[in-house]
Colleague: 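To start, I am sharing the structure in question, which I have written as structure tokens.
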Amino acid sequence: MKISFVLNGKKKTTDVEPDMRVIDLLREHLHLTGTKEGCGSGECGACAILVDGESRLSCLMLAAQLEGKKITTIEGLSKGKRLHPVQKAFVENGAVQCGFCTPGMVMTSVDILSRNPDPSRDEIREGISGNLCRCTGYQKIVDAIEYAAKDKNR
Amino acid sequence: MAREVLLPRTLDDLWEIFHAEPELHLYAGGTDLLVKLRSQPPLPSGSPSPLVCLERIDGLKGIYEEDGLVCIRACTTHSEIMKDPVIRQHFPVLTKVLSLLGSPHIRNMGTIGGNICTASPAGDTLTPLYTLGASVEARSCDSGRLMPLKSFILGPGSVALQQGEILYGIWIKKDHDFNIHHFEKIGQRKALAIAIASMAALIKLSGEGTIEKIRLAWGSVAPTVAVSHTIEDALTGKPLTENVLRDAMPLVTDALSPIDDVRASAGYRRRVATNLLLRLLQYKDA
């Protein structure tokens with residue numbers, strides 16, 4: 001099945017099995033391995049991507065559902081070598097430990113800040129409640145998102 | 001081996017697909033279906049029935065009012081319902097439940113119709129909808145029928161849809177005089193918890209603290225939502241006090257039929273679901 005969508009700002013047409021999961025399409029077919037698969041059942045948020053600007057779990061979507069949509073993955077956030085403000089905030093606040101949850105956390109943070117540019121710490125915690133970090137580093141992740149919000153408002 | 005995935009844009013397109021291919025697997029948000037597909041063994045060769053994704057059908061999305069009723073179309077996502085001002089104003093019990101359902105990602109994907117048709121004993125949207133006396137509308141290519149949600153849910157994973165029918169929407173009466181909307185879910189964590197037990201309650205409490213009307217529903221403690229007119233009748237007309245609630249607790253215990261599973265034992269479920277009744281005390285001086 002041929003599907004067309006916009007991937008990280010570029011039009012893309014690709015021939016895939018319609019029932020392939022989006023996470024597999026991204027990682028195995030398009031070799032965008034930034035998006036991670038943790039649980040494969042919607043509980044960990046590691047595979048979060050943006051579809052038309054809103055967070056979705058790529059392990060719970062089939063490739064056919066991308067038809068006509070705008071997709072952003074972690075690879076699409078930086079502009080050349082310039083990191084996205086959220087990525088920069090994660091680096092500067094030490095919010096990355098093993099890094100496995102990071103792409104999902106960063107995409108989720110971008111989604112949170114797009115809807116709520118100035119979230120409270122509670123709102124941030126609620127916003128990332130669907131993303132697990134097993135290094136248990138939530139404190140610094142929340143710090144980073146708070147920092148990114150301030151950075152953006154500056 | 002690959003399965004066809006169809007994305008109809010209109011209800012008419014859907015009826016045509018039904019006509020051509022009666023053996024279909026419908027899905028909306030996919031948050032349950034994709035987990036199930038993954039745990040299944042690889043499909044045998046041959047042509048498996050196509051999957052039909054309903055997310056692109058505009059006629060199945062959105063919330064509208066008609067004759068004093070609010071209709072939530074089946075493929076409206078949990079996030080969209082949570083944001084809706086009419087729902088917030090008239091059915092705060094539903095907004096509360098949705099804020100505890102899954103996670104932000106799951107709420108962006110999952111739909112109310114999907115939650116109902118999955119008919120899980122732990123389905124979060126079911127208890128508030130039972131207390132609100134919701135009805136559901138099923139539609140096929142040439143007819144529609146309305147029935148109480150209670151008769152639509154037949155048992156775990158089973159609903160009263162016939163071949164060629166889909167769940168079109170959920171109808172809730174806008175005017176009710178319940179001034180207390182309560183929901184609590186017991187899970188192993190706050191987000192992404194499949195309920196071990198839950199209770200939704202609507203109460204009309206008089207200025208003097210008398211329970212003039214009450215509706216209660218428990219989730220995850222029976223094959224479907226547990227309701228009991230005996231308990232509601234026992235509490236009606238009584239003051240909202242600890243003694244009154246404690247007197248009703250044995251009735252709750254009797255009304256539930258929980259099971260042991262990976263999340264909790266039947267005994268714990270029965271105990272905690274019964275204790276949830278005492279939470280209503282927080283509204284004593286409301």
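Lettering of chains follows the sequences in order, A, B, ..., and the numbering in each one begins at 1.
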Colleague: Under a 3.5 Å cutoff, is there a donor and acceptor pairing between the side chains of N131(A) and H105(B)?
Modeller: yes

Colleague: Between R3(B) and E17(A), is there a donor-acceptor pair closer than 3.5 Å when you use the side chain of the first and the backbone of the second?
Modeller: no

Colleague: Would you name the heavy atoms of E43(A) and R189(B) that are closest together and state the gap between them?
Modeller: O-NH1, 4.5 Å

Colleague: At what distance, to the nearest 0.5 angstrom, does CZ of R38(B) lie from OG of S41(A)?
Modeller: 6.0 Å

Colleague: Mind ranking C39(A), G40(A), G45(A) by heavy-atom pairs under 4.5 Å with chain B and telling me who comes out on top?
Modeller: G40(A)

Colleague: Could you give the distance from CD (E4(B)) to CE (M1(A)), rounded to the nearest 0.5 Å?
Modeller: 8.5 Å

Colleague: I need the residue from R56(B), R107(B), K190(B) with the largest number of non-hydrogen atom pairs under 4.5 Å to chain A.
Modeller: R56(B)

Colleague: When you look at CZ of R115(A), are more than 12 heavy atoms from neighbouring residues, nucleotides or ligands closer to it than 6.0 Å?
Modeller: yes

Colleague: Which residues in residues 49-62 of chain A have a heavy atom less than 4.5 Å from any heavy atom of chain B?
Modeller: E54(A), S55(A), R56(A), L57(A), C59(A), L60(A), M61(A), L62(A)

Colleague: Search all heavy atoms of G130(A) against all heavy atoms of S103(B) and return the closest pair with its distance.
Modeller: CA-CB, 3.4 Å

Colleague: When heavy-atom pairs shorter than 4.5 Å are enumerated against chain B, which of M20(A), R21(A), E67(A) gives the highest number?
Modeller: E67(A)

